[in-house]
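Remarks on the structure that follows.
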Amino acid sequence: MSFPAPFQSPLEPTAAATREAELTALVAQLVATDHQVQRGAVSTTLSAEEIRARIAALDLERGAELGSVLPELLALLAAGQVHTPHPRNFGLFIPTPTFAGQAADLITAMMNPQLAIWSLSPAPIELEQRALRFVGECIGGGADWQGQFTSGGAEANATGLLLALTRKFPDYGNRGTRALTGDPVFYTSAECHLAWLKIAHLTGIGRAALRLVPVDESLRMDVAALRAMIADDKRTGCRPFLIAATAGTTAAGAIDPLEELAAVAREENLHLHVDAAWAGALVLSRAHRAWLRGLELADSITIDAHKWLSLPMGAGMVFARDRAAVEEAFRVSTSYMPTTLDGTVNPYVLSMQWSRRFIGLKLLLTLANVGRVGYERQFAHDIALGTFLRARLRADGWEILNDTPLPVVCFAATERADEFAFHQCIADAIVGSGVAWISTVKLRGQIPGLRACITSYRCQAGDVEALIAALAAARAIAVRN
Ligand SMILES: *Cc1c(COP(=O)(O)O)cnc(C)c1O
């Protein structure tokens with residue numbers, strides 16, 4: 001038997017001092033890139049061909065010194081994406097990540113703890129638990145919320161649906177949908193996040209299990225319509241099991257009537273999940289918590305940490321009231337995982353993921369840095385800017401289409417109110433100019449408009465004014481064409 005010679009691993013090609021120098025240089029380049037990005041265009045200026053040509057130049061066969069690869073890579077990224085850290089990213093809710101959150105992800109990448117099981121990562125898991133308990137106490141409602149970090153809102157919602165199936169159909173865990181007599185059905189508003197369709201697909205209940213309940217004039221789930229649909233479904237032998245309310249719809253910020261929905265869920269013995277992916281951050285805000293009244297009555301809740309809590313992706317959270325259901329849904333035992341210690345939390349048997357990244361550090365570190373009070377001040381500022389944006393749009397002759405106190409505004413040009421292409425043309429002009437990033441929207445599945453959302457903590461009144469000016473210019477051109 002030959003003894004393998006000492007080996008200089010190619011995976012760790014440099015000495016510690018050199019690594020420190022490279023990391024320091026990288027941080028300097030990142031900070032410079034961030035400054036440049038904030039002053040430049042919000043969105044990409046490169047074509048697919050240009051991007052692919054620059055990527056093709058990388059030598060994946062033999063590799064190269066990191067120091068020679070990184071500058072070009074950062075330049076490509078600076079030119080080849082919509083910049084979520086830009087103050088004029090009025091986009092889908094991916095905010096500028098907090099500085100503490102960025103630091104946390106760097107720590108996580110370098111220390112790489114395995115959070116599947118407590119005995120492997122006692123300190124990381126206790127840090128996550130502290131953050132989850134903190135948010136759970138803000139949710140309130142007298143529950144001992146069982147929280148877990150997820151990859152994002154979609155996984156958190158999928159967890160909610162799985163808990164609902166597990167609670168309402170005791171044999172579901174073993175026999176799946178074969179255990180059911182009658183088709184399982186669940187209810188969301190027609191304005192819900194359509195990840196529910198994918199979730200229904202993957203759990204095996206099928207996309208047809210999703211019932212889209214009509215909305216009222218404020219785009220909130222119509223409770224009378226919901227009651228009628230449940231009654232109809234029961235009459236035809238279906239098996240309602242879940243109401244999935246939304247607190248802050250993605251498109252328009254509508255908050256379903258949570259207290260009334262909780263009453264329906266209680267009467268009909270249905271699981272109530274509340275998808276509060278982005279607006280759920282307001283549980284931390286004493287001034288705005290009342291906007292989410294009834295959230296605390298839910299059986300399970302989604303709050304995305306990478307939405308309004310402004311953490312780097314991916315970071316979601318799911319909270320469940322019924323710990324036994326969580327344990328039932330994710331139970332498993334193996335010969336090779338260390339045994340469970342009493343009084344400790346083992347995320348691999350309490351959530352979907354197995355090997356688990358240290359997702360929660362970015363929330364804990366941001367809270368430990370800016371505190372709940374820092375978040376409260378930020379939310380108040382964002383909401384004030386949203387109100388300012390709404391007022392400025394109205395003053396500039398736009399019609400406001402949505403009714404929400406949240407900082408998301410859907411609006412339309414009255415002269416061409418029913419033309420989606422007209423609004424698309426304006427959005428394309430804004431995005432193409434690089435001045436700001438906004439999107440189009442279709443409310444009630446048909447009413448066309450534009451959508452602007454305050455997402456960056458860097459956004460100031462001047463950025464809103466820049467958007468207003470760009471909109472007026474794009475509208476004037478679109479009218480002439
Ligand atoms: C963003 C969003 C989701 C999906 O969350 P991801 O983090 O993108 O997986 C679900 N529901 C609502 C209301 C959202 O805004």
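We count ligands from 1, going down the list as the structure has it; atoms in each ligand are counted the same way.
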>> With salt bridge (charged side-chain N to carboxylate O under 4.0 Å, His left out) as the rule and sequence neighbours excluded, what pairs involving residues 182-197 come up?
In response: none
> Any donor and acceptor pair, going by atom type alone, linking the side chain of T33 with main-chain N or O of A75 inside 3.5 Å?
Replying inline: no
Name the atoms and distances for all side-chain donor-acceptor pairs under 3.5 Å in residues 308-321, with sequence neighbours left out.
| residue | atom | partner | partner atom | Å |
| --- | --- | --- | --- | --- |
| W308 | NE1 | D382 | OD2 | 2.9 |
| S310 | OG | W308 | O | 3.3 |
| R321 | NE | A298 | O | 3.0 |
| R321 | NH2 | E296 | O | 2.5 |
| R321 | NH2 | A298 | O | 3.3 |

> Between D304, T302, T188, which is the residue that forms a side chain to side chain donor-acceptor pair (under 3.5 Å) with N157?
Replying inline: T302
> Which one of F169, Y187, Y172 satisfies the ring pair (Phe, Tyr, Trp, His ring centres under 6.0 Å) criterion with F241?
Replying inline: F169
> Around ligand 1, what residues show up once you keep those with a heavy atom under 4.0 Å from it?
Replying inline: G152, G153, A154, N157, H193, G248, T250, D275, A277, W278, D304, H306, K307
Acceptor/donor pairs from residues 251-264 side chains to any protein atom, 3.5 angstrom cut, sequence neighbours excluded:
| residue | atom | partner | partner atom | Å |
| --- | --- | --- | --- | --- |
| D256 | OD1 | M221 | N | 2.8 |
| D256 | OD2 | T246 | N | 2.8 |

